[in-house]
Structure formats: structure tokens, C-alpha cells
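Below is one structure, written out as C-alpha cells; the observations come after it.
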Amino acid sequence: MTAQRLDGKACAKEVELQLGHRIAALNEKGVRPHLAVIIVGNDPASHVYVKSKVKTCERLGIKSTHIELDASTDEATLREHILSMNQQEDLHGILVQSPLPNHMDEEALTDLIHPSKDVDGFHPENLGRLVQGRLDGMLPCTPSGVMRMLNWANIPLRGKRALVLGRSRIVGMPAALLLAARGADATVTVAHSKTEATRELCREADIIVAAVGRADMVRTDWVKPGAVVIDVGINRVDDDSRERGWRLAGDVHPDVEEVASWLSPVPGGVGPMTIAMLMENTVRAAELTIQA
Ligand code: GUN
């Protein structure tokens, strides 16, 4: 079997097309969606992601404010930025790129973002709504991108066994909630670093969402023939044969395409969907300001 490619880039393009109409409608009412992205420090991968977010804003006609702060910035300064952005009426979304330097309390800072501007969906109010099964709020971008992509490819989830590898706040836990939510109706297992017999659990799954950040961890013998495999990992692996000295690898070994029915590529799978969902959350936040 050769897996079908779960093409996040193509799916994201369709999402962007629909957003274009919504943005035009907002513009007619004198509103331009506006996203602020704050990055602290010099993690190279985070800078690449943030640039990609800003570039997508430009392409769609979403205004963006890009704030880069030095790694030594104190938490109070970042707090002030967030509090002032909460007050700014023409700004609809605030994103603080994770990870933050160790001296900052990431959760406490996330709590400060007004829930209506929390386009990452990480605020306790938005995550709480997700736990309650209210899916009409701001949903975390990567997990909602995964769900959108599965839906787009007409992959059935109801009653299926889904295995989420990883229990992070950003991906694993919200992905598990979305897969188990009414309407998706999968039966979900969350595996993590302390899980025993992870490979055997994976082998029982109809759907695997790999979000652990370990290159090539999921091998062909971890996957049931015909399973759907979503690779959320983006890992930099040393590679002297490349001019830049590294290559990108997912959490799933590329050979898994020999056993899976669907596999999302890295890059070009979940990554573009995460950004598309961020744009959608920003447009939604802007729409809600005129409906309020
Ligand atoms: N770092 C990796 N993924 C994300 C994300 O979705 N949002 C934020 N804010 N930081 C991230």
C-alpha cells in the first residue's frame, strides 16, 4: 500500500480562499483584521514560523504587527505589551510565540491575553470551553488544523480508535479533546513519555496523531496497515550532505507511507493548516467585534 498524501498545503489554500471573502466583507464595513505576533529570543525555528505567519497575513490583507524582543527582556515588559494590546480597539488577535525563555512564566502570560483576542486558543477560558464541548470559540490552531484536514479528505472518525502521541497544551491534549468531541466521535487514547507499550497502542489505532517532537519515532512496525497517520512533528536533524547542515524530519518515518492509507507530509501537511487556522481565528475575532 502507498499512502495517499494528506495535502495540508492544498487544504490551507481552500481555507484562504474562503477567508478572502470574509475579509472583503469586513473591509466593506471599515474593519481590517489585525494580528499581533510577539516573539522573544532567537530560537531559529520560531523565527521561521513567525515570519511565515506574518507573510500569510500580508497575502490575505490582514494587518500584522510583529514585535521582536530580546531574550533577556523581563516578564514585566512582555506583560505590558499584552495589556496594552488588550486595550487596542483596532487589534483583534494576540499571539505570543512559544517557547518563551525559561525566566518567563508562559502560562501566566497566556492568562493575560483577553480571551476574545486569544487567537491561539490557549487561554483557560477558551480551553475550558473546548473541554465543555463548545467548539464555537477560539480553538488551538494546530489541532483544529488537523481536524479540518481530516474532514476535508472525508476521512471517517466516528467510532474509530485514535491514538494521540504527546500530551502538550499546544497540540496533544486539545487534539485528543477534538477527536473525542461530539461530531468527531473517535475513541481516543493519549500516549506520552511515561506510557508503557506505546508501539503496541499505536498498532491498534485507526488514526495516529504524532506530536512528540522526536524525529522519525513512528516506524512502519508501529502502524496498522491502512491506518491514517498525521505527522505534527517538525524536527531539525543534522545532515552534513545539506548545504545548511540540517534537514527537516517529522515524528513519523517516511517509510510509514508503505503501510498507512493516508499520511500527512512534512513539510506541507500540518504546518500550513496551523497558519490557516490562525488566520481564520483572527478573521473571526474581527467579525465578533462588529457583531458585539
Ligand atoms: N509554537 C509552536 N506552535 C505554536 C502555536 O501554535 N502557537 C504559539 N503561540 N506558539 C507555538
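Order of listing sets the numbers, starting from 1, for every ligand and every atom in it.
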(message) For atom 11 (C) of ligand 1, what is the closest protein heavy atom, and at what distance to 0.1 Å?
(response) Q97 NE2, 3.5 Å
(request) Could you tell me whether T274 and ligand 1 have an N or O pair separated by under 3.5 Å? (result) no
(message) If only side-chain N and O atoms count, and only distance matters, is there a donor-acceptor pair under 3.5 Å linking T110 with H123?
(response) no
(request) May I ask you to identify the nearest protein heavy atom to atom 1 (N) of ligand 1, giving residue, atom name and distance to one decimal place in Å? (result) S98 O, 2.9 Å
(message) Which of the numbered atoms in ligand 1 are under 4.0 angstrom from any heavy atom belonging to L95?
(response) 9 (N)
(request) Inspect the contact between R129 and D136 and indicate whether a charged nitrogen and a carboxylate oxygen are less than 4.0 angstrom apart. (result) yes
(request) Using a 4.0 Å heavy-atom threshold (strictly under), name the region of V96 that reaches ligand 1: side chain, backbone, both or neither. (result) backbone
(request) Using distance alone, with no hydrogens and no angle criterion, decide if Q88 and D90 have a side-chain donor and acceptor under 3.5 Å apart. (result) yes
(message) Just to confirm my output: which protein heavy-atom neighbour is closest to atom 6 (O) of ligand 1, and how far is it?
(response) D120 OD1, 3.7 Å
(request) Classify the side-chain pair H114/S116 by whether it contains a donor and acceptor separated by less than 3.5 Å. (result) yes
(message) Among all protein heavy atoms in this structure, tell me which lies nearest to atom 3 (N) of ligand 1, with the distance rounded to 0.1 Å.
(response) I170 CG2, 4.1 Å
(request) Establish, yes or no, whether the cationic atom of R244 lies under 6.0 Å from the six-membered ring centre of W246 and within 45° of the ring axis. (result) yes
(request) Verify the distance criterion only: is there a donor paired with an acceptor across the side chains of T77 and D74 at less than 3.5 Å? (result) yes
